[in-house]
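These values consider heavy atoms only, across backbone and side chains, with no hydrogens, waters or symmetry-generated copies.
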Amino acid sequence: MGAREVGLPERVPAGGTAPRVEIWEVGARDGLQNEGSVVPVEVKLEFLDRLAGAGLTTLEATSFVHPKWVPQLADAEQLLAGLDRHDGVRYPVLVPNDRGLNRALDAGVDHIAIFASATETFAQRNLNSTFDDQFAMFEPVVTRARKEGLEVRGYLSMCFGDPWEGVVAAEQVVRAGKRLLDFGCSQLSLGDTIGVATTNQVTRLIEAFGDTSALAVHFHDTYGQALANTEAALRAGVSTVDSSAGGLGGCPYAESATGNLATEDLVWLLEGLGVEHGVDLGKLVETSVWMAERLGRPSPSRVVNALAG
């Protein structure tokens with residue numbers, strides 16, 4: 001008999017946790033962009049449909065980064081044209097610049113995300129820009145998107161450690177993040193791009209922002225700390241967590257970045273904390289197993305492997 005059949009995990013609400021957590025599912029974008037081969041658009045569409053069927057209500061669908069840099073998502077327009085949108089589900093897309101915004105608007109999206117860096121070196125390597133110049137690039141994109149009625153999320157990479165610069169000061173992250181929020185981003189996702197954060201570091205950074213209402217967190221599991229860091233963020237007042245079904249993903253511009261926090265592992269944690277999330281864990285596990293089969297390898301998610309085994 002499996003764990004779910006005997007009622008595990010037990011729901012044991014703990015003081016200080018958020019009453020409900022929004023899961024920002026990034027598997028179809030951040031997960032599949034890191035694949036060595038291109039996943040057929042028909043598989044991507046079914047993946048998104050299955051994720052929505054499992055109860056996830058925010059599905060980052062694709063990216064409008066130039067196909068030269070992310071060929072795995074070159075089919076963005078085709079995917080959005082074929083998308084069977086579920087009621088109550090949002091399908092944000094990533095845009096890198098004004099040209100990407102034009103493509104997104106032509107495709108009829110209503111929610112975008114931009115991505116910036118908290119460090120100079122990663123801004124140069126990922127955005128071909130200086131730390132300061134990246135904001136000059138993003139400000140008109142955010143301003144125009146808001147005028148067009150779009151919601152805008154800001155991703156901030158390298159918030160805890162940078163493979164070239166080492167530890168990143170919390171004050172530096174706060175300054176960069178608040179610039180994105182001041183431009184008009186309605187949400188700011190703090191990224192542990194290479195998965196080096198620890199719980200005290202997470203708590204300190206969130207406390208340094210003060211107001212947590214616009215914050216989300218995005219953890220990678222390089223050193224097995226993603227779940228612990230997520231719980232630290234929840235206890236500090238964050239209520240939006242990024243994750244990827246089956247633990248898919250990484251970062252194509254930071255070689256030490258491994259997979260994202262697996263959505264199944266996150267849901268298991270939230271179940272145990274007694275935190276509402278709206279996801280059917282069984283359907284989610286089935287979806288991740290289905291995708292892993294199409295990718296030809298097992299999922300790195302502990303929960304997927306335990307429940308599917």
Side-chain angles (χ1 to χ4, degrees), residues 2-5 9 20-63 70 72-94 107-111 113 218 221 226 240-250 259-271 276-309:
R4 295 297 285 172
E5 285 74 20
R20 184 178 178 87
V21 164
E22 176 192 359
I23 298 175
W24 188 289
E25 171 61 47
V26 300
R29 194 277 302 173
D30 193 19
L32 297 184
Q33 76 173 12
N34 207 49
E35 289 299 308
S37 59
V38 175
V39 175
V41 68
E42 295 80 10
V43 173
K44 294 176 182 176
L45 288 169
E46 185 169 350
F47 187 37
L48 287 164
D49 189 62
R50 286 170 173 262
L51 291 169
L56 289 155
T57 57
T58 302
L59 305 177
E60 197 164 86
T62 188
S63 166
V70 186
Q72 296 88 340
L73 303 180
D75 55 8
E77 282 89 354
Q78 183 183 359
L79 181 139
L80 291 172
L83 188 61
D84 182 12
R85 297 174 183 269
H86 289 234
D87 291 341
V89 177
R90 299 184 298 173
Y91 298 89
V93 302
L94 194 70
V109 306
D110 55 16
H111 200 150
H218 186 119
D221 207 27
T240 300
V241 180
D242 299 359
S243 63
S244 176
L248 293 173
N260 289 290
L261 168 64
T263 307
E264 296 82 2
D265 297 356
L266 171 61
V267 170
W268 188 275
L269 171 69
L270 298 178
E271 284 279 317
E276 296 297 326
H277 51 76
V279 177
D280 184 316
L281 182 57
K283 290 182 178 180
L284 178 59
V285 168
E286 289 175 3
T287 296
S288 291
V289 170
W290 175 87
M291 177 54 80
E293 290 172 349
R294 273 131 195 90
L295 296 175
R297 63 171 187 274
S299 166
S301 165
R302 299 171 182 87
V303 170
V304 167
N305 291 317
L307 296 187

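- If you check the side chains of S63 and Q33, you find no donor sitting under 3.5 Å from an acceptor.
- The salt bridge (charged side-chain N to carboxylate O under 4.0 Å, His left out) search around E293 returns none, not counting sequence neighbours.
- Of the possible donor and acceptor atoms, one in the side chain of N305 sits under 3.5 Å from a partner among the backbone N and O of S299.
- Residues satisfying the ring-ring contact (aromatic ring centres under 6.0 Å, His included) criterion with H86, sequence neighbours excluded, are absent altogether.
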- Item | Full working for side-chain contact (heavy atoms from CB on, under 4.5 Å) between I23 and L270 | CA-CA 10 Å; I23 298 175; L270 298 178; 4.2 Å; yes
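- The CG atom of D265 lies 11.0 Å from the OG atom of S244; values are rounded to the nearest 0.5 Å.
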- Pair D75-K44, side-chain contact (heavy atoms from CB on, under 4.5 Å): steps then yes or no: CA-CA 10 Å; D75 55 8; K44 294 176 182 176; 3.0 Å; yes
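- Every residue meeting the side-chain contact (heavy atoms from CB on, under 4.5 Å) condition with P9, not counting sequence neighbours, appears here in chain and number order: R4, W268, E271.
- In plain terms, the two heavy atoms of E77 and A74 that are nearest each other are OE1-O, 4.5 Å.
- Residues meeting the side-chain hydrogen bond (donor to acceptor under 3.5 Å, both in side chains) test with R50, sequence neighbours left out: E46.
- Once rounded to the nearest 0.5 Å, the distance linking CG of L56 with OG1 of T287 reads 8.5 Å.
- A parallel orientation is assigned to the rings of F47 and W290, their planes being inclined by less than 30° (bins at 30° and 60°).
- Considering only residues two or more places apart in sequence or on other chains, Q72 meets the side-chain contact (heavy atoms from CB on, under 4.5 Å) condition with V70.
- Put simply, CD on E25 and CG on L59 are 6.5 Å apart, with the number rounded to the nearest 0.5 Å.
- Considering all non-hydrogen atoms of both residues, S301 and A262 come closest at CB-CB, 3.6 Å.
- Side-chain contact check for L51 versus V89: every heavy-atom pair is 4.5 Å or farther apart.
- E42 meets the salt bridge (charged side-chain N to carboxylate O under 4.0 Å, His left out) test with no other residue; sequence neighbours excluded.
- Residues passing the side-chain contact (heavy atoms from CB on, under 4.5 Å) test with L295 are E35, V39, L248, M291, R297, sequence neighbours excluded.
- For S243, the side-chain hydrogen bond (donor to acceptor under 3.5 Å, both in side chains) partners are T263, not counting sequence neighbours.
- Looking at residues two or more places apart in sequence or on another chain, you find no salt bridge (charged side-chain N to carboxylate O under 4.0 Å, His left out) involving D49.
- With a 4.5 Å cut-off on side-chain heavy atoms, V303 and V267 do not count as touching.
- Looking at residues two or more places apart in sequence or on another chain, you find no side-chain contact (heavy atoms from CB on, under 4.5 Å) involving T57.
- When all heavy atoms of A76 and T62 are compared, the pair lying nearest together is CB-OG1, 3.5 Å.
- Counting only heavy atoms from C-beta outward, the side chains of V304 and V289 approach each other to under 4.5 Å.
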- Task: Give the intermediate values and the outcome of side-chain contact (heavy atoms from CB on, under 4.5 Å) for residues D242 and N260.
- Result: CA-CA 8 Å; D242 299 359; N260 289 290; over 6 Å; no
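- Considering only heavy atoms from C-beta on, H218 comes within 4.5 Å of V26 through its side chain.
- Shown here for G246 and P300, the closest heavy-atom pair between the two residues is O-CD, 2.9 Å.
- Between L79 and L45, the closest side-chain pair of non-hydrogen atoms falls below 4.5 Å.
- Qualifying salt bridge (charged side-chain N to carboxylate O under 4.0 Å, His left out) partners for E60, counting only residues two or more places apart in sequence or in other chains: R29.
- Not counting sequence neighbours, the partners of R302 by the side-chain hydrogen bond (donor to acceptor under 3.5 Å, both in side chains) test are D221.
- One N or O on the side chain of D280 and one on the backbone of K283 form a donor-acceptor pair closer than 3.5 Å.
- Looking at every heavy atom in both residues, L48 comes nearest to A28 through CD2-CB, 3.6 Å.
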- Would E22 and T58 count as a side chain to side chain donor-acceptor pair (under 3.5 Å) if you check the C-alpha gap in whole Å, the side-chain angles of each, and the deciding distance to 0.1 Å? CA-CA 8 Å; E22 176 192 359; T58 302; 3.0 Å; yes
